Amino acid sequence: MNQQEQKQYYCPMKCEGEKTYDQPGDCPVCGMHLQKEEKKNFTTGKPVIYTCPMHPEVKQDHPGSCPKCGMELVPEKGEETSEEEKAYKKMAKKFWVAMALSIPVFIIAMSEFIPFLNLDEIASRKVWGWIEFILATPVVFYSSGVFFKRGWSSIRRWSPNMWTLISIGVGAAYLFSVFALIIPGALPEQFKDANGNVHLYFEAAAVILTLVLLGQVLELRAHSKTNSAIKALLNLVPPVARVIRDGEETEIPLEEVQEGDILRVRPGEKIPVDGVVSTGNAVVDESMITGEPIPVDKSPDDKVTGGTINGNTSFEMKAEKVGGDTLLAQIIEMVNQASRSRAPIQKLADVVARYFVQIVISIALVTFAVWAVWGPQPAYVYAFVNAIAVLIIACPCALGLATPMSIMVGSGRMAQAGVLVKDARAIEEMNKVDTLIIDKTGTITEGKPALKSFQSFGELSEKDILGIAASVDANSEHPVAEAIVKGAKEQGIKLQKVEQFEAITGKGVKGILDGKNIGLGNSRLTEDFGATLTKEQQEAAKEWQLTGQTVMYLLIDKKVEGIVSVADTIKASSAKAIRELQSMGVKVYMLTGDNKFTAKTVADELKLDGFEADCLPDDKFRKVKELQEQGLIVAMAGDGINDAPALEQANVGIAMGTGTDIAMQSAAVTLVKGDLNGIVRARELSHKVMRNIKQNLFFAFVYNALGVPVAAGILFPFFGILLSPIIAAAAMSFSSVSVISNALRLRRV
C-alpha cells in the first residue's frame, strides 16, 4: 500500500465499471452518492497519539501513564464522522426541511376535500396559491436542488437515468404551477374551474420531492450497512503491538512493527501481524478470518494470523508479514475489489437501463397525447397528471441497484466465512459449476506427508538408501522432500552435499553425489534415467502404494537401488465435503502427480467420480480444457505452483490459502482455511448471492412492467383507477429501498 493514505470513491451502480474518484460527491453519470472504499492504512508511518480516558487533554506520542490520574494511556481514536454518516445527516436535514414545508402545502391543496378548514373564507385561492409557491420553492431549490443538477447533467452527457425522469416530471409540475399562478389567462379553459382558477401542482412537486428525499435518506442509511463486513475486518487490526528488543518489552504502534521482530501476545489480545509462534503455546480463535468456529491449538513454529484472537495464554511470535502484506490486508483489498466489480448478469440490467429512460419518456409523451385526444374532460389535466405519473414511477434506480448491492454485501459475507473472491464474475460462475477438479496433496490430504518406509534392492543398506535420498532432497522445497529429510534427521543420518541439483516438475529431483548421477522420483524419472524396474521392484512398490503410500525410486546412474515412501493422511473434512458437493450436483475428479495405485486408494475411499494419476502440470491444464469443451463449467482447486496453469484456465480457479502465492494469484477464489469445506461454503454462498440478485432483478422488472401501464391509466377505462404522481413517487422510492433491504439479508446467511 502507498505510504500516503488515499481515499477512493466509486459509484454503487458501477456506471463506469471499476472507475474510482479521489473526492466524495455524486456520480457524474447517474448522480448516485459515491461510496468510499473501506481501507485501513497499514503503513502510514504516522505516530499514534495516546490519551487519557479521564483527561482527554493529556496527549503524547508514546504509551505510558497519565500524569494527572495515573491511568494507562490508550491510543486516540479518530473523531471524524464516517463519510456515509455525513452524507446521511446532510440528506436527512434537507428531508426534514422539505417535510416541514410540504405538509402545509399538501393541506392547502387538499383543503377543498376537508370541509371544516374553510380556507376560502380566510383568503382567496390566488393568495393560497402564492403561499403554496412560497412554501414549495425551498423544497425544490434548497432541499432538492441536487436532483435537478443530476438531471441536467444526465441530459448534457446524454446518459439518461432516474434523475432525468424526476427532474423532467417534477420540473414540469412546478414550472406549470408558477406559470399558471402568474399568467393564468394564457392557459386553455380546460385547466380552469368554474371560478376561473387554475389547479396548481405545487403540492405534487413538493410531496414527490420529499418522498424522493425520504428514499435517498433510507438508501444512504442502508448503504452504510452494505460494507459492514469490511468495516468489521478493519476493526480486527489492533492499534499497537508489544515488541521485545534487547530483552525489553515495549509497546509500539502497529505501523512500526518490522519483519523479524519478536512480539509478545497477551491473553485475550488480537494478534498484531502474521508470523509464527516462537515461544509458548496458544489456543487461537481464527473464526473472523477462516469462518471456522472452533479455536485452533498453536505451538512453536505454527503460523498465526494478524487479527485473530489469542486465548488465555501468553506467547511470543516472530513477525513474518507486516503492513499491507498481511493476510488481513489482502482480504480487505480483495473484498474491496470484488465489491467494485460487475457480474455478467448485470449486463442484462445495463442493456435495459440504457434504453429504458428513452422508452419511458416516449411512453409519457404518448400517454399525454392519448389522454389529450380521447380522455374525459378536463382532458389536458388528465393528460398532464398521468404523463408526470409515468415519468415518476418509472425510475430505474431499483433496476440499477439490484446487482451491485447483492455483490457488495455478498462478497463481504463470503470474506467473513473465509471465502475470498477477486471479482463478481467468480461468484456467478461458482453458482454454475457442475464439475470440480481437485489436487490430492494439500487439497484432499493434509499436505504434510511423513516418512513411512524405505527399502534397499541392492548392496546398499536401508539407512544408506534413506541417507542418499534425503541428501538429494535437501535442496527441494516440496512437502514430500521435506518429509524425507526430516525423517532421515530423526534417524540420526548425516546428509551429504549434492552438486548440480535440479528439480524436474512432475517427476522428481536429481543431482551428482560422489561423481554419480543420483535421482529420486516417480516412474517417469526412471524412464529419463534409462533404468528398468524388475518385477520384484514393481511388486514391492505396488504393495506400498495400495496402502496409500507415495513411493519414490532412488536411482544411481541407470539402476534402481531402492525405494522410499511417505504417507499423507486425508483431511478429516474431505470426505464430508465431497459428499456435500456431489449432493449439489457437482462431479468431483482428482488429478494428481502421484502413482495410479495411491491415487486409486484415495479415490475409492472418498468415492470420487473419477481420477487421473501421474499428472504433469500440462495434463491438469489439458483435462480442464477437455471438460470445458464438453460444455461443462469447471472449477479447479489446488495449492501449488504446478496448479497455476489449470487454475487460470478453469471457469473458477480455487486456491487453498495454505498454498503458494502463485496459486492464489492465478485463482479467482481463495479459501483462507484451505480445505474442501471452503468449496462447499463458497458454492452455497454463491448460490444465495445469485438467488438474491435474481430476486432483486425480478422485483425491479415486475415493478416497472406493472407500474408504468398503471401510471399511464390503462386501468381507468375498466375500473376508473388512476395513479396519483404522489403515490407513484412513494412507490418509486420504496422500490429502491426494498432492493437494498433484500440485499442486506445476505448478512445473516
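Just so it is clear, the structure is predicted and the values come from calculations on it, not from any experiment. Atom set for the values below is all heavy atoms of this structure, side chains included, hydrogens, waters and symmetry mates excluded.
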Under the side-chain hydrogen bond (donor to acceptor under 3.5 Å, both in side chains) test, which residues partner [X], sequence neighbours left out?
{"X": "E316", "value": "R264"}
{"X": "N475", "value": "none"}
{"X": "K510", "value": "none"}
{"X": "E580", "value": "K576"}

Exercise. Does K596 NZ have over 12 foreign heavy atoms under 6.0 Å away?
Worked result: no
Could you pull out all residues at least two apart from [X] that satisfy salt bridge (charged side-chain N to carboxylate O under 4.0 Å, His left out)?
{"X": "E269", "value": "R242"}
{"X": "K452", "value": "none"}
{"X": "D301", "value": "none"}
{"X": "K623", "value": "E612, E626"}

Let me check something: any side-chain donor-acceptor pairs from residues 429-437 under 3.5 Å, sequence neighbours excluded? List them with distances.
| residue | atom | partner | partner atom | Å |
| --- | --- | --- | --- | --- |
| N431 | OD1 | H687 | ND1 | 3.2 |
| D434 | OD1 | I633 | N | 3.0 |

For this session: Compute whether any side-chain donor of one residue and acceptor of the other, for Q549 and T547, lie under 3.5 angstrom apart.
Result: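 The criterion, which ignores hydrogens and geometry beyond distance, is satisfied for T547 and Q549.
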For this session: Sort and list the pairs that fulfil salt bridge (charged side-chain N to carboxylate O under 4.0 Å, His left out) and have at least one residue in residues 454-474, not counting sequence neighbours.
Result: none
Problem set entry | Residue pairs, two or more places apart or on separate chains, that pass salt bridge (charged side-chain N to carboxylate O under 4.0 Å, His left out) and touch residues 516-533 |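 Counting only pairs at least two positions apart or across chains, the salt bridge (charged side-chain N to carboxylate O under 4.0 Å, His left out) contacts touching residues 516-533 are K507-D528, R524-D619.
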Problem set entry | Pairs flagged by side chain to side chain donor-acceptor pair (under 3.5 Å) wherever residues 600-610 is involved - sequence neighbours left out |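 Matches after skipping sequence neighbours: Q582-D609, K600-D604.
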